[in-house]
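Accompanying notes for the structure given below.
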Protein chains: 2
Amino acid sequence: MGKKVTISDIARRLDISPSTVSRALSGKPGVSDELRKKILSLAEKMDYIPNVAAKSLKTQKTKTIGLIISDIRNPFFLDVMHGVESVLFPRGYKFIVCSINENLEREAVYLNWLMEHGVEGILASPLTTVSGKHNGRLYKKIARLGIPVVFYDRLIQSVENFDSVVLDNETAIADGAFYLTRKGHKKIGICLARRGLYTIEERYKGFKKAVELLRIETKPEWIIEGKHPLDNSFEKLRKLFNSEERPTAIISTNHPMTRTILKAARACGLKIPEDISVLGFDDLIENELMSPPITTIRQPVMEIGRIATTLLLGRIDGEKGKPSSIKLKAELIERESVKTLMLP
Amino acid sequence: MGKKVTISDIARRLDISPSTVSRALSGKPGVSDELRKKILSLAEKMDYIPNVAAKSLKTQKTKTIGLIISDIRNPFFLDVMHGVESVLFPRGYKFIVCSINENLEREAVYLNWLMEHGVEGILASPLTTVSGKHNGRLYKKIARLGIPVVFYDRLIQSVENFDSVVLDNETAIADGAFYLTRKGHKKIGICLARRGLYTIEERYKGFKKAVELLRIETKPEWIIEGKHPLDNSFEKLRKLFNSEERPTAIISTNHPMTRTILKAARACGLKIPEDISVLGFDDLIENELMSPPITTIRQPVMEIGRIATTLLLGRIDGEKGKPSSIKLKAELIERESVKTLMLP
DNA sequence: TTGTACGCGTTATCAT
DNA sequence: ATGATAACGCGTACAA
């Protein structure tokens, strides 16, 4: 278990001062080319490994950011991480993944850890509970400390002055409803993955607007809510699917919810799209491979990750402009899970 | 942008020495209860945030580990991360995600970053290329420096004395082949996601053994290889599926490959399982939702993550015993993508 | 119980 | 171009 080589070790071996070695290693001017070469090659040979802790104690730079995600089991975040990484890696930045599991306390714990760790910035998809609670104060504190925060996917309504990159959720769902009506559907339900969340509430807004605008029928029983997509919303869906008064089409609001809808339909022996049309939300490759392939609202997930990260690195680099609020458009991928009831 | 509060700031306000504050804050003995309380509450009020960089410069502890994964787009890693996190979080550890995208250089870059960063340990699923190249020397160097490494999912054959947690890959595939023969299949093909990888080579071994043992027919054309599951293996599969001489069943070796098989079958108009039986590998929830639901070899992915992490934390805590080589069993989930050709 | 003094590895400032 | 020195924030051996 060899001790780690330090700058001073190198300096000693070359009988020069540590500061010269430091300058040479970090590519700063003030060292003759000849000496620099000698230092670099010796460092290489001695297996010198810079010590980020020491460096960051001095420079406040850790080349690390924090990534707050809501639930690591949601495949949504694979694409987010992919986007994040694609801009981080070339810049030499790493990221710490924090899955808060839709739990305010965990979010707070992680945020504190990230501060202690000295991350240079935070990418967050913050939680808002049904009762409207959130960690807004903590986020503000972080910002006050000079650590840039960019919200992606979700944001906290009452917490302003933060950069954000989110989907145009209202339009996404409203467009979905329009699509369904063009296909002849007049009785449409929706499954709200989890009340309180920014995304879900926005999507719900979009749904209500569309319903009103299109003068479509909907009923309270057709609005399925569920804290955890996998427990009670499944039962509610079964009940709905088994009732006489079920809608002809149902809209999902995220991928786990789409799964639940498909499971419930199967459990009730309903054929898609013959017995019920399903409009998914989010797009896994599997959507294409199902029978029938699932028509779905696709978010530009990687883009969200990429743009949020770019914004964050900008702030880290010292950009001072006022916060950007970026909204991206969703895309409706038409496949075969929606039946055409009647041509327009 | 308020400057960060330090231990000395607190000490000054209370007119005591920084060391006392340090002791109080880190719960060490040697401070009167009364004073400790005062310190703690003031620290709270002043928004004191410990500085991990400074602390770790002294203690060598960063409460952070590195997680090397092969490709962040593979849903396999959602479960791995979930398992990892479930044991890390309660212990106050964070992790840095490094997706090497099946690229040796990226792996090396990340490993160096992790060393510089001062991670206390590394969880790695290392790459081995078709030509047998790998970063074994680098891993050994890391171990020599006293940073524990645990291999999970994959390992490097020639690099011994490392803890590892992998699947019993040979048995997994062999059992799959047995299952297929019990279902009456005598012509079986396999899709090797990427030659060189420990997992894939082991799975291939299991296949070859089973073929020999069972005296089953197989042909070189039935062994599909592909570097990237999504490019040429798709074409090869199409060709195979369109030929007269196709096998009656095909075995996948990871989830992305299963996707490709399903796509190719669809593109060729083959019905599963009527025209071709498919035995998947790995198990997404979606496998259950497909039509037909996919029969598959399921790895205990979360368990792999959990056990590997437990091992790693053990090493970090100083456990000195000789390396554990843990092999977990796969489970065959029978659904409906395999046709019964003939009852035994 | 509390305080003093030093060092962890690095960089920045100032001097040479 | 190079070197000496201080400082980053914290923990700890030792002294009081």
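The analysis underlying the following values was restricted to heavy atoms, covering all of them including side chains, and did not include hydrogens, waters or symmetry mates.
- A donor-acceptor pair is defined here as one N or O able to donate and one able to accept, closer than 3.5 Å; no such pair exists between the side chain of A/K63 and the backbone of A/K94.
- In this structure, B/R91 pairs ionically with B/D317, as a charged nitrogen and a carboxylate oxygen lie closer than 4.0 Å.
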How far apart are the C-alpha atoms of A/Q157 and A/L155, what are their side-chain angles, what is the distance that settles it, and do they pass the side chain to side chain contact (heavy atoms under 4.5 Å, CB included) test? CA-CA 6 Å; A/Q157 298 279 16; A/L155 46 79; 4.3 Å; yes
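- Between A/D9 atom CG and C/dC8 atom P the separation is 10 Å, expressed in whole Å.
- For NZ of B/K141, the number of neighbouring non-hydrogen atoms (other residues, nucleotides, ligands) closer than 6.0 Å is greater than 12.
- A ring-centre distance under 6.0 Å is not found for B/F151 and B/Y198.
- A/L328 has its side chain within reach of A/V165: a pair of non-hydrogen atoms, C-beta onward, lies under 4.5 Å apart.
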Could you list all N or O pairs between the protein and nucleotides 10-13 of chain C that sit under 3.5 Å apart?
{"residue": "C/dT10", "atom": "OP1", "partner": "A/Y48", "partner atom": "OH", "Å": "2.5"}
{"residue": "C/dT10", "atom": "OP1", "partner": "A/N51", "partner atom": "N", "Å": "3.4"}
{"residue": "C/dT10", "atom": "OP2", "partner": "A/I7", "partner atom": "N", "Å": "2.6"}
{"residue": "C/dT11", "atom": "OP2", "partner": "A/S22", "partner atom": "OG", "Å": "2.6"}
{"residue": "C/dT11", "atom": "O2", "partner": "A/K58", "partner atom": "NZ", "Å": "3.4"}
{"residue": "C/dA12", "atom": "OP2", "partner": "A/K28", "partner atom": "NZ", "Å": "3.3"}

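- Under 4.0 Å is where a charged nitrogen must lie from a carboxylate oxygen, and between A/E107 and A/K133 no such pair does.
- To the nearest angstrom, P of C/dC8 lies 14 Å from CG of A/L57.
- Note on the helix from C/dT1-D/dA16 to C/dT16-D/dA1: angle between the axes of the first and last five pairs equals 40°, rounded to 10 degrees.
- Rounded to whole Å, atom P of C/dG9 lies 17 Å from atom CE of B/M115.
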Begin with the C-alpha distance, continue with both residues' side-chain angles, and end with the deciding distance and a verdict on side chain to side chain contact (heavy atoms under 4.5 Å, CB included) for A/K55 and A/S26. CA-CA 11 Å; A/K55 195 179 299 199; A/S26 50; over 6 Å; no
Could you go through B/V166 and B/K327, starting from their C-alpha distance and side-chain angles, then the distance that decides it, and tell me whether this counts as side chain to side chain contact (heavy atoms under 4.5 Å, CB included)? CA-CA 5 Å; B/V166 300; B/K327 270 202 181 169; 3.9 Å; yes
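- Applying the 6.0 Å contact sphere to CZ of B/R106 captures more than 12 heavy atoms from other residues, nucleotides or ligands.
- Protein chain A contacts DNA chain D from D/dA1 to D/dG9, reading 5' to 3' and using non-hydrogen atoms of the protein with a distance under 4.0 Å.
- Atom NZ in A/K4 sits about 12 Å away from atom C1' in C/dC8, given to the nearest Å.
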